[in-house]
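The block underneath contains the structure these notes are about, expressed in structure tokens.
Ligands are counted one by one from 1 in listed order, and the atoms in each one are counted from 1 as well.
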Amino acid sequence: MRAWAWVTLSFAGAVATGVVAAKSPASVAQDTVQVSLPAGNAFPQGPGSDLANQHCLMCHSAGMVIRQPPLTFVDWKAEVTKMRAVYGAPLPPESVEDIARYLVTFNGRP
Ligand code: HEC
């Protein structure tokens, strides 16, 4: 079973900045929150899967990518480029082709 959770994190320092000066430090609550990410949110093991796990999971699940219809190398390259250029994925340009090549290995077509 998969456990999904929406988590809202607020950072006490940032939220309380204006208020902290007026209060004694002891009144600032400091909670430790542990967040467990769902197990199994990873790309199929293979050459390049490390890159995909590193760069493609900060905004959506691996399933979001895995469940897409098969694409050609050129189309996967365009897709990964869109993640960079349009959605702002912090991905080095030299990794685009490597990731596209990897995606084709399990969800590609000629
Ligand atoms: C900065 C955030 C971000 C990162 C990082 C990211 N994506 Fe996305 N991705 C999105 C958003 C936003 C959507 C659109 C979601 C929706 O339509 O609900 C999306 C959608 C997709 C889709 C569905 C088709 C589409 O175009 O909407 C695929 C496939 C995909 N991403 C692949 C990838 C791959 C592969 C990587 C790693 C190289 C990646 N994404 C990294 C933000 C990101």
Side-chain angles (χ1 to χ4, degrees):
M1 193 189 100
R2 289 189 161 195
W4 296 99
W6 288 105
V7 179
T8 305
L9 299 176
S10 59
F11 298 94
V15 172
T17 321
V19 182
V20 172
K23 291 184 172 180
S24 74
S27 69
V28 177
Q30 297 206 334
D31 294 332
T32 302
V33 177
Q34 289 208 344
V35 178
S36 304
L37 297 176
N41 185 24
F43 284 90
Q45 183 82 41
S49 55
D50 286 354
L51 275 177
N53 284 324
Q54 188 184 344
H55 294 296
C56 305
L57 298 179
M58 69 193 75
C59 303
H60 51 65
S61 67
M64 170 96 175
V65 181
I66 293 166
R67 285 192 300 270
Q68 297 299 315
L71 298 177
T72 63
F73 169 74
V74 169
D75 288 343
W76 272 123
K77 209 172 120 179
E79 186 65 34
V80 175
T81 300
K82 179 173 102 178
M83 295 302 133
R84 279 191 79 238
V86 181
Y87 296 140
L91 174 67
E94 62 271 19
S95 298
V96 170
E97 289 206 353
D98 289 341
I99 292 176
R101 237 186 309 277
Y102 161 70
L103 294 170
V104 167
T105 63
F106 69 90
N107 198 9
R109 64 183 174 83

Which atoms of the protein, restricted to N, O or S, are nearer than 2.8 Å to atom 8 (Fe) of ligand 1? His60 NE2, Met83 SD
Return the minimal non-hydrogen interatomic distance between Pro110 and Thr72, and the atom names on each side. O-CG2, 3.3 Å
Part of His55 within contact of ligand 1 (heavy atoms, under 4.0 Å): backbone
Listed partners of Asp50 passing salt bridge (Lys or Arg N to Asp or Glu O under 4.0 Å), at least two apart: none
Find out whether Pro93 and Arg84 are in side-chain contact, i.e. whether some heavy atom of one side chain is under 4.5 Å from a heavy atom of the other. yes
Need the ligand 1 atom indices (1-based, order shown) with element for anything under 4.0 Å from a heavy-atom of Met58. 5 (C)
Quick one: does Leu51 get within less than 4.0 Å of ligand 1, heavy atoms only? no
Using protein heavy atoms only, decide if any is under 4.0 Å from atom 17 (O) of ligand 1. no
Interfacing atoms of ligand 1 (cut-off 4.0 Å, heavy-atom, Leu103): 35 (C)
Please report the shortest heavy-atom distance between Leu71 and Val104, naming the atom on each side. O-CG2, 4.3 Å
Numbering as shown, the atoms of ligand 1 that approach Val80 to under 4.0 Å (heavy-atom distance): 38 (C)
Nearest heavy-atom approach of Tyr102 to Pro47 is CD1-O, 3.2 Å
Among all protein heavy atoms in this structure, tell me which lies nearest to atom 29 (C) of ligand 1, with the distance rounded to 0.1 Å. Gln68 CG, 3.4 Å
Pro44 versus Ile66: any side-chain heavy-atom pair under 4.5 Å? yes
Heavy-atom pair with the smallest gap, counting every atom of Pro69 and Trp76: O-CZ2, 4.5 Å
Considering all heavy atoms of both residues, which atom of Arg67 and which atom of Met64 are nearest to each other, and what is their separation? NH2-N, 3.9 Å
Do you know the tightest heavy-atom contact between Leu103 and Val80? CD1-CG2, 3.8 Å
